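So the structure is just underneath, and the comments pick up after that.
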Amino acid sequence: MSGNYFDIKIQNLEVELQGLLELPLDEKIIRHNTTEYHFIFNKPQRLNVRSQNIAYNNSNDINLGYGVTYNPAKSPHILISGGTGSGKSMFISFLLIEFLKQKSTTYLCDIKNSDLGGLSMYLGEKYVATTPNSIARVIRHAVDEMKSRYDYMNENFIYGSNFETHGFKPVWILFDEIGAFQAYGTDKKSKEIINEVMDGIKQIILLGRQSGCFILIAGQQINANNLSTELRDNFSLRVSLGFNSSEGLRMMFGSATPDISIPIEVKGAGLLYLHGSGKEQAQYYESPYIDTMQYDFIKELKKYIPEVQNN
């Protein structure tokens, strides 16, 4: 582009180029002097989740399928949005199993006491919180663990080290429906509890990476009322499943919101942005496929519960 009449045309060639090349457009990036159009030649493969013998994961890498590998030590914290029928709950269930395979200490916070809350009979009430008070207890415990780890790491200082260097396993908090949780603040006492929880979450988001304390936050809609822009930008992995409005996408992805409209036609599909992946914008993504007729989630969960309870 050179500042003339044709620049506008150059910035709006997606329809013509897709027809000419007969390839789907993956990304459009408008720079100060060029417009880049990125096309997909080879479609990534969606991960098909299958039952397997007990197999722990000794690395921090998690294969999310569709060409995406996630490592919380490099890209801390996860943000997920998705309405009813989007596949959000299934994706969170998949991640829960993957965290347990890494021998992570994993806590579940589910104020609606739905899918995650129902797992208390398997994981125990220590690891599953469904009331404001129990959620506050979990967050308080996680913050204390984070501070304790920092004290240990400072006493045993190694330059450039993190939780892995000192033999710590990750601590994960899976917090579903954060908007519904905040709606419980109807009186002075409940508001104090919610403020305490949100302050603890903020500490984990901003300080948890080096100590190995991470958080996954999920909700039907992520907006400034339940998560500030400042905190959102600290989530290195952000996934929006199912349909989301243009405003909703901006709240999720900020400056990484795609310049083009990407159709979502498959259940469990959406947009994904992974900081440090080399992609400047959120990309089309299909979350791992779980055939509930072939894959027994509770049976898989039970394989890894003893290891968690012994931590």
Side-chain angles (χ1 to χ4, degrees), residues 1-3 6-18 20-21 23-47 60-82 86 91 95 205-206 209 214 216-218 221-224 227-266 268-287:
M1 298 188 292
S2 56
F6 296 104
D7 287 356
I8 298 300
K9 186 67 175 176
I10 290 173
Q11 294 176 13
N12 294 279
L13 288 174
E14 49 261 47
V15 175
E16 292 89 340
L17 289 175
Q18 286 181 96
L20 175 66
L21 301 175
L23 291 171
L25 181 62
D26 181 50
E27 185 176 28
K28 179 175 78 169
I29 302 174
I30 300 176
R31 303 190 186 280
H32 71 282
N33 63 345
T34 61
T35 299
E36 297 180 9
Y37 296 89
H38 300 175
F39 294 88
I40 299 176
F41 283 88
N42 296 307
K43 182 180 178 181
Q45 292 297 309
R46 186 176 192 179
L47 181 63
N60 279 319
D61 288 340
I62 298 175
N63 178 19
L64 301 182
Y66 222 72
V68 180
T69 299
Y70 174 67
N71 184 332
K74 298 177 181 177
S75 307
H77 313 309
I78 301 174
L79 187 62
I80 302 173
S81 72
S86 66
F91 187 42
L95 289 171
I205 292 172
L206 297 179
R209 175 178 182 170
F214 307 109
L216 179 158
I217 289 181
Q221 289 289 334
I222 302 298
N223 54 51
L227 194 68
S228 69
T229 301
E230 172 199 1
L231 293 182
R232 178 208 63 195
D233 289 344
N234 284 277
F235 285 82
S236 297
L237 175 62
R238 294 175 237 163
V239 183
S240 172
L241 296 176
F243 171 78
N244 204 338
S245 66
S246 56
E247 181 180 353
L249 292 176
R250 283 194 298 273
M251 286 305 306
M252 275 292 292
F253 300 115
S255 60
T257 304
D259 291 326
I260 58 174
S261 177
I262 301 176
I264 308 299
E265 300 172 346
V266 178
L271 299 179
L272 177 148
Y273 173 73
L274 178 59
H275 180 73
S277 66
K279 300 288 187 179
E280 297 186 10
Q281 298 177 347
Q283 308 291 307
Y284 177 79
Y285 171 70
E286 294 179 7
S287 63

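Basis for what follows: all heavy atoms, side chains included, without hydrogens, waters or symmetry-related copies. Only a predicted model underlies this, so the values are computations on that prediction, with no experimental measurement involved.
Take His38 and apply the side chain to side chain donor-acceptor pair (under 3.5 Å) test, not counting sequence neighbours, and it matches Glu27, Glu36. For Asp7, the side chain to side chain donor-acceptor pair (under 3.5 Å) criterion is met by no residue, not counting sequence neighbours. The side chain to side chain donor-acceptor pair (under 3.5 Å) check on Asp26 picks up nothing, with sequence neighbours excluded.
Note that the CG atom of Asp61 and the OG1 atom of Thr69 stand 6.0 Å from one another [nearest 0.5 Å]. Rounding to the nearest 0.5 Å gives a distance of 14.0 Å between CD of Gln11 and CZ of Phe6. Atom OG1 of residue Thr257 and atom CZ of residue Arg238 lie 8.5 Å apart, to the nearest 0.5 angstrom. The distance from atom CD1 of Ile8 to atom CD1 of Ile10, rounded to the nearest 0.5 Å, is 9.5 Å. In this structure, His77 NE2 and Phe214 CZ are separated by 7.0 Å, a value rounded to the nearest 0.5 Å. The structure places NZ of Lys279 at 8.0 Å from CD1 of Ile29, a figure rounded to the nearest 0.5 Å.
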- request: Test salt bridge (charged side-chain N to carboxylate O under 4.0 Å, His left out) on Lys28 and Glu280 and set out the steps.
  value: CA-CA 10 Å; Lys28 179 175 78 169; Glu280 297 186 10; over 6 Å; no
- request: Check the pair Leu216, Leu95 against side chain to side chain contact (heavy atoms under 4.5 Å, CB included), reporting the backbone distance first and the verdict last.
  value: CA-CA 10 Å; Leu216 179 158; Leu95 289 171; 3.6 Å; yes
field: Verdict with reasoning, Leu274 to Leu272, per side chain to side chain contact (heavy atoms under 4.5 Å, CB included)
entry: CA-CA 7 Å; Leu274 178 59; Leu272 177 148; 4.1 Å; yes
query: Could you go step by step and tell me if Asn33 and Ser2 meet the side chain to side chain contact (heavy atoms under 4.5 Å, CB included) rule?
result: CA-CA 7 Å; Asn33 63 345; Ser2 56; over 6 Å; no
query: For Lys74 and Ser236, what are the C-alpha separation, side-chain angles and deciding distance, and is it a side chain to side chain contact (heavy atoms under 4.5 Å, CB included)?
result: CA-CA 9 Å; Lys74 298 177 181 177; Ser236 297; over 6 Å; no
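Side chain of Tyr70 to backbone of Ser75: a donor-acceptor contact under 3.5 angstrom is found.
Closest heavy-atom contact between Tyr37 and Asn12: OH-N, 3.3 Å. Contact detail for Gly268 and Leu241: the closest heavy-atom pair is O-CD2, 3.5 Å. In terms of heavy-atom proximity, Tyr285 sits nearest to Gly65 at CE1-O, 3.7 Å. Contact record, Ala282 with Leu271: CB-CB, 4.2 Å, taken as the closest heavy-atom pair. Nearest heavy atom pair, residue Leu23 against residue Phe41, reads CD1-CE2, 3.6 Å. Shown here for Arg232 and Leu79, the closest heavy-atom pair between the two residues is CG-CD2, 3.8 Å.
The shortest side-chain heavy-atom distance between Val239 and Leu237 falls under the 4.5 Å cut-off. Met251 places none of its side-chain heavy atoms less than 4.5 Å from the side chain of Leu227. Side-chain contact between Gln18 and Phe39 is present, with at least one heavy-atom pair separated by less than 4.5 Å. Side-chain contact check for Leu206 versus Asn234: some heavy-atom pair is nearer than 4.5 Å. Glu16 has its side chain within reach of Lys9: a pair of non-hydrogen atoms, C-beta onward, lies under 4.5 Å apart. Side-chain contact between Glu14 and Leu25: present, with at least one pair of heavy atoms (C-beta onward) separated by less than 4.5 Å.
Other residues, nucleotides and ligands contribute at most 12 non-hydrogen atoms within 6.0 Å of the CD atom of Gln45.
Taking the charged nitrogens against the carboxylate oxygens, Glu286 and Lys43 do have a contact shorter than 4.0 Å, which makes a salt bridge.
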